[in-house]
Amino acid sequence: FANPDGFIASTTFARLLEFSAEETGDECFGLHFGERLDPRDVGALVYIVFNAPTIAVAMHSIERYLHLHNEATTIKFSIEGRRGYLSYLLTGLAIDSIRQQNEFSMAVILKTFRIIAGSNWKPREVQFAHKAPIGISEHMRVFGNHTLFGCATNTLVVEHDFLERKV
């Protein structure tokens, strides 16, 4: 924490989010934290995304460079039929629960694309790799009605016409 230009290890950050959720009593701490974070504070990766010619190129850039920001992330962007899929998993973390990290990351990704597409834009679907919490009203509020849990990966699903939009 003393080095403002340093990185926090992924396991440490995931533990910090889980601890913060417990200590604050906010079961959606990661979601709320990600919702309030300005993606432009992430650094060069977001600069690349915001300067891509289209959303599809922006998503390819995330796939190509996110590992530089988070070494524990495995990410894939694909287009299948009329939909695009930006999927990621956190791997190799020495922690039992990564719910808060998953929700934080998806909220930051969503906010990044809302800066491009408008604050009310919602993806076709959002999938989470962790099981559903007891209450999902906050998830529905943030991500929309098509929010699924217990999926193979954390995935943002978008319509093909969204991918063709200019950034």
Side-chain angles (χ1 to χ4, degrees), residues 8 10 13-14 16-17 20-21 24 26-70 72-90 98-130 132-133 135-149 151-167:
I8 298 172
S10 295
F13 187 65
L16 182 59
L17 289 174
S20 298
T24 63
D26 180 358
E27 292 185 14
C28 295
F29 182 87
L31 174 65
H32 294 148
F33 182 41
E35 191 179 22
R36 287 172 178 84
L37 183 97
D38 186 342
R40 291 171 281 234
D41 292 339
V42 171
L45 176 59
V46 176
Y47 178 81
I48 292 168
V49 168
F50 287 162
N51 286 284
T54 65
I55 300 287
V57 172
M59 289 191 176
H60 277 295
S61 296
I62 292 170
E63 176 185 37
R64 184 172 183 186
Y65 296 113
L66 186 64
H67 73 279
L68 298 172
H69 179 72
N70 185 339
T73 301
T74 301
I75 193 152
K76 179 184 176 197
F77 172 63
S78 63
I79 299 172
E80 299 172 23
R82 302 290 309 152
R83 298 210 174 113
Y85 299 83
L86 184 63
S87 303
Y88 83 92
L89 276 175
L90 294 167
I98 57 171
R99 172 191 163 190
Q100 300 300 326
Q101 174 70 47
N102 287 345
E103 294 178 6
F104 168 80
S105 297
M106 291 302 283
V108 172
I109 291 169
L110 178 70
K111 191 164 182 182
T112 300
F113 287 108
R114 281 185 172 162
I115 290 172
I116 296 168
S119 61
N120 293 321
W121 175 80
K122 290 194 176 169
R124 166 82 175 149
E125 184 175 286
V126 173
Q127 302 172 3
F128 287 102
H130 61 278
I136 62 167
S137 61
E138 280 297 280
H139 302 81
M140 302 294 260
R141 177 186 65 78
V142 173
F143 297 108
N145 292 334
H146 299 285
T147 304
L148 307 173
F149 296 88
C151 300
T153 62
N154 300 293
T155 303
L156 186 74
V157 182
V158 299
E159 297 294 346
H160 192 271
D161 62 335
F162 179 70
L163 296 172
E164 296 173 349
R165 273 195 200 182
K166 299 214 180 299
V167 174

*Asks:* Hey, are the side chains of K122 and H146 touching, using non-hydrogen atoms and a 4.5 Å cut-off?
*Replies:* no

*Asks:* Starting from the C-alpha separation in whole Å, work towards a yes-or-no answer on side chain to side chain contact (heavy atoms under 4.5 Å, CB included) for R40 and I115.
*Replies:* CA-CA 10 Å; R40 291 171 281 234; I115 290 172; 4.0 Å; yes

*Asks:* Are any side-chain N or O atoms of Q101 and backbone N or O atoms of L17, one a donor and one an acceptor, separated by less than 3.5 Å?
*Replies:*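 Answer holds: no.
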
*Asks:* I'd like to know if the side chain of K111 and the backbone of P39 have a donor-acceptor N/O pair within less than 3.5 Å.
*Replies:* no

*Asks:* Describe, in one word, how the ring planes of F128 and F149 are oriented to each other, choosing from parallel (under 30°), tilted (30 to 60°) and perpendicular (over 60°).
*Replies:* parallel

*Asks:* Do you know the tightest heavy-atom contact between A52 and A58?
*Replies:*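 In terms of heavy atoms, the two residues are closest at CB-N, 3.6 Å.
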
*Asks:* Working to the nearest 0.5 Å, report the span between CZ of R83 and CG of L163.
*Replies:*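 Answer for the CZ-CG pair, R83 versus L163, is 11.5 Å.
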
*Asks:* Closest heavy-atom contact between R114 and S119?
*Replies:*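 It is CD-O, 3.3 Å.
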
*Asks:* To the nearest 0.5 Å, how far apart are CD in E63 and OG1 in T74?
*Replies:*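 OG1 of T74 is found 11.0 Å from CD of E63.
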
*Asks:* Heavy-atom distance under 4.5 Å between the side chains of E164 and T54, does that happen here?
*Replies:*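 No; the side chains remain at least 4.5 Å from each other.
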
*Asks:* If you round to the nearest 0.5 Å, how far is OH of Y85 from CD of E125?
*Replies:*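 Answer rounded to 0.5 Å: 7.5 Å.
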
*Asks:* Donor-acceptor pair, R36 side chain versus H32 backbone, under 3.5 Å?
*Replies:*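 Yes; judged by distance alone, with no hydrogens or angles, the pair exists.
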
*Asks:* Between the main-chain N or O of D26 and the side-chain N or O of T24, is there a donor-acceptor pair closer than 3.5 Å?
*Replies:*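 Flag set: sc T24 to bb D26 pair under 3.5 Å.
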
*Asks:* What I'd like to find out is whether the side chain of S20 reaches to under 4.5 Å of the side chain of Q100, using heavy atoms alone.
*Replies:* no

*Asks:* Looking only at non-hydrogen atoms, find the nearest pair between F162 and A117 and report the distance.
*Replies:*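 So the minimum-distance heavy-atom pair works out to CE1-CB, 3.5 Å.
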
*Asks:* After noting the C-alpha distance and the side-chain angles of V158 and I55, does the key distance pass the side chain to side chain contact (heavy atoms under 4.5 Å, CB included) rule?
*Replies:* CA-CA 10 Å; V158 299; I55 300 287; 5.8 Å; no

*Asks:* Atom CD1 in I75, atom CD1 in I62: separation rounded to 0.5 Å?
*Replies:* 6.0 Å

*Asks:* To the nearest 0.5 angstrom, please state how far the CG atom of L66 sits from the CG atom of L86.
*Replies:* 8.5 Å

*Asks:* State, with a plain yes or no, whether a side-chain heavy atom of W121 is found less than 4.5 Å away from one of L110.
*Replies:*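 SC-SC contact between W121 and L110 confirmed.
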
*Asks:* Please walk me through it: do M59 and L156 pass side chain to side chain contact (heavy atoms under 4.5 Å, CB included)?
*Replies:* CA-CA 10 Å; M59 289 191 176; L156 186 74; 4.1 Å; yes

*Asks:* Can you tell if the side chain of L90 reaches within under 4.5 Å of the side chain of T73, non-hydrogen atoms only?
*Replies:*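 SC-SC contact between L90 and T73 confirmed.
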
*Asks:* Taking the side chain as every heavy atom from C-beta outward, state whether T153 and Y88 have any atom pair closer than 4.5 Å.
*Replies:* no

*Asks:* Can you see which heavy atom on I79 is nearest to which on G81, and at what distance?
*Replies:*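 Minimum heavy-atom contact is CG2-O, 3.9 Å.
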
*Asks:* Can you give me the closest heavy-atom contact between V157 and P123, atom names plus distance?
*Replies:*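 The answer is O-CB, 3.4 Å.
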
*Asks:* Within this structure, what is the CG-CD1 distance for the pair L89 and I98, rounded to the nearest 0.5 Å?
*Replies:*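 Rounded to the nearest 0.5 Å, the CG-CD1 separation comes out at 7.5 Å.
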
*Asks:* Taking the side chain as C-beta and beyond, is there a heavy-atom pair between L148 and T155 under 4.5 Å?
*Replies:* no

*Asks:* Do NZ/NE/NH1/NH2 and the carboxylate oxygens of E138 and R141 come within less than 4.0 Å?
*Replies:* yes

*Asks:* Is the closest side-chain heavy-atom distance between V57 and V167 below 4.5 Å?
*Replies:*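 No - every pair of side-chain heavy atoms lies 4.5 Å or more apart.
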
